[in-house]
There are 2 protein chains.
Amino acid sequence: MNLNNNSTAMDAIQKFREYIKEKGLRNTPEREMIIEEIFAIHNHFDVDELFLRLRNKKKRISKASLYRAIPLLIDSGLIKEVYFENGHLHYEHIYGHKHHCHLRCVSCGRIVEFADDEIVSIQNKIGKNYGFAITSHRFELLGYCSQCEQKQKTCTERNTSIKTLKRHQAIDMSIQTKNPHNQRGDTRR
Amino acid sequence: MNLNNNSTAMDAIQKFREYIKEKGLRNTPEREMIIEEIFAIHNHFDVDELFLRLRNKKKRISKASLYRAIPLLIDSGLIKEVYFENGHLHYEHIYGHKHHCHLRCVSCGRIVEFADDEIVSIQNKIGKNYGFAITSHRFELLGYCSQCEQKQKTCTERNTSIKTLKRHQAIDMSIQTKNPHNQRGDTRR
DNA sequence: TTATTATTGAGATTCATTTTCAATTATAGC
DNA sequence: GCTATAATTGAAAATGAATCTCAATAATAA
């Protein structure tokens, strides 16, 4: 979970303003609203949640504007996509947080954040081996949290029923991918 | 890349038949076609590619059937989702392959597979620390491959142009998430 | 061979996301 | 402050991946 305080939120808003200016874009009340709201959320969020939260505060904004703001926020390094679940993307704000990884309970969905320095040494080793200049990593652990593991032990039916098979569950993508000069895949649909 | 040979493919097909029988499902020519084709692909693939490959071989099958087969193939441990890119999911077959992670060039998209045992020890450590019974992990490294790094050095303009900002790029999800008794998130749209 | 019921294909539907376009408004230059 | 320019907005339409519906078909068990 993100342990932000107001000053971090203010810094983030400031950073966004600078990003906007630097890119020759325009600072609009809509964009300010969005980033303010995002940094008021201390959890992972999705576009719909953002939309509803703003609407509840009587802040009228269109979903199109939310969707339009997301890539800017990602590019400015303020948020990142964390996972793809139930058919849509989820985000978290990353400004002022140190890089962390996720531990996810595949049964109840609980997410715990953790950080580990050893990962960086593995990262360096592999990068060297394959001639890559590594800029970031994505590491997620999946398993059963203590509560669910308990339940599992008393559960005789471990098989998945076909009826309940679903896709799009708990699909992690915790990374910010900066792609300064991508040469391929530029075929817009 | 997957280094399959025919015998692995045959084993996989056999395994799928057993899975089908075990679950009380029916073995159909469509399902056989699908798994045969998947194990004839030695790369990551998506539903559309699968559809086109089958069509090119004059094997007529509906996309609905492909989409319907995917969760079965995942549940039987034969394929897994590897990433979400350009707005849709990509898969790889995993039967007969040892678990591996991906190294991805964020510039050209090149993917290299690697395996590392140290990851498992980190996994165990973190699992113990947080009281999780870890069943699997997902680890991806992102950076610039040697060629792209070279290009980078001679590239003065490192900024992303707003016009080319895109989402849904190179979103990894390399894991099979088995979810035997999920208690939440069961609200179908 | 027959009855049962899962599976299929075609098309409709859903839903997240993107695009279009006319109206609005932030910014730069006066 | 005023004006011109062009970016941004909202609303609605469009897109596209994935899912669902339903009648026809076909795999399995008896």
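If you're wondering where the values come from, they're calculated on a predicted model, not measured in any experiment. Here is how names work: the chains are called A, B, and so on, in the same order as the sequence lines, proteins then strands, and each is numbered from 1.
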- request: With axes from five pairs an end, tell me the bend angle of the helix from C/dT1-D/dA30 to C/dC30-D/dG1, nearest 10°.
  value: 40°
- prompt: Applying the side-chain hydrogen bond (donor to acceptor under 3.5 Å, both in side chains) test to B/Glu113, which of B/His97, B/His100, B/Lys98 qualifies?
  reply: B/His100
message: Could you check whether any side-chain heavy atom of A/Ile70 comes within less than 4.5 Å of a side-chain heavy atom of A/Glu81, counting everything from C-beta outward?
response: no
statement: For nucleotides 24-30 of chain D, 5' to 3', base contacts (B), sugar-phosphate-only contacts (S) and non-contacts (-) with protein non-hydrogen atoms under 4.0 Å give --BBS--
task: Please state how far atom CD1 in A/Ile61 lies from atom P in C/dT25, giving the value in whole angstrom units.
output: 14 Å
task: Indicate whether any N or O donor in one side chain lies under 3.5 Å from an N or O acceptor in the other, for A/Glu49 and A/His44.
output: no
- request: Output the single nucleotide from C/dG9, D/dG10, C/dA16 whose closest atom is nearest the side chain of B/Glu30.
  value: C/dG9
message: When you measure from the side-chain N and O atoms of B/Ser62 to the phosphate of C/dT8, is any distance below 4.0 Å, counting only OP1 and OP2?
response: no
- request: Round to the nearest Å and state the distance from A/Met33 atom CE to D/dG10 atom C1'.
  value: 12 Å
message: Output the rounded distance in Å from CD1 (B/Ile34) to C1' (C/dG9).
response: 12 Å
- request: Can you tell me the distance, in whole Å, between the NE2 atom of B/His90 and the C1' atom of D/dA18?
  value: 14 Å
- prompt: Rounded to whole angstroms, how far apart are NZ on B/Lys63 and C1' on D/dG16?
  reply: 9 Å
- prompt: For B/Lys128, does the NZ atom have more than 12 heavy-atom neighbours from other residues, nucleotides or ligands under 6.0 Å away?
  reply: no
- request: For the residue pair A/Leu141 and A/His102, establish whether any side-chain heavy-atom pair is separated by less than 4.5 Å.
  value: no
message: Is a donor from one side chain sitting under 3.5 angstrom from an acceptor on the other, for B/His137 and B/Gln123?
response: yes
Length of the CG-P vector between A/Asp46 and C/dC15, whole Å: 14 Å
task: Let me know the distance between CD of A/Glu49 and P of C/dC15, rounded to the nearest Å.
output: 19 Å
- prompt: Where do B/Lys59 and B/Glu37 land on the salt bridge (Lys or Arg N to Asp or Glu O under 4.0 Å) test, with the steps shown first?
  reply: CA-CA 10 Å; B/Lys59 301 195 175 177; B/Glu37 192 56 40; 5.4 Å; no
field: For B/Leu66 against B/Val47, the heavy-atom pair lying closest together
entry: CD1-O, 3.8 Å
message: Could you check whether B/Arg104 makes a cation-pi contact with A/Phe132, meaning its NZ or CZ is under 6.0 Å from the centre of the six-membered ring and within 45° of the ring axis?
response: no
- request: Evaluate the side-chain proximity of A/Ile119 to B/Phe139: yes if any heavy-atom separation is below 4.5 Å, no if none is.
  value: yes
Output one line per pair: protein atom, nucleotide atom from nucleotides 20-24 of chain C, and distance, for all N/O pairs under 3.5 Å.
| unit_1 | atom_1 | unit_2 | atom_2 | d |
| --- | --- | --- | --- | --- |
| C/dT20 | O4 | A/Arg68 | NH1 | 3.3 |

query: In whole angstroms, how far is the C1' atom of C/dA6 from the CD atom of B/Glu32?
result: 16 Å
message: Would you say A/Ile122 ends up clustered with A/Val120 if hydrophobic residues are merged whenever their side chains have heavy atoms under 4.5 Å apart, either directly or through other cluster members?
response: no
message: Measuring from the side chain of B/Tyr67 (C-beta onward, heavy atoms only), which nucleotide among C/dG9, C/dT17, D/dT19 has the closest atom?
response: D/dT19
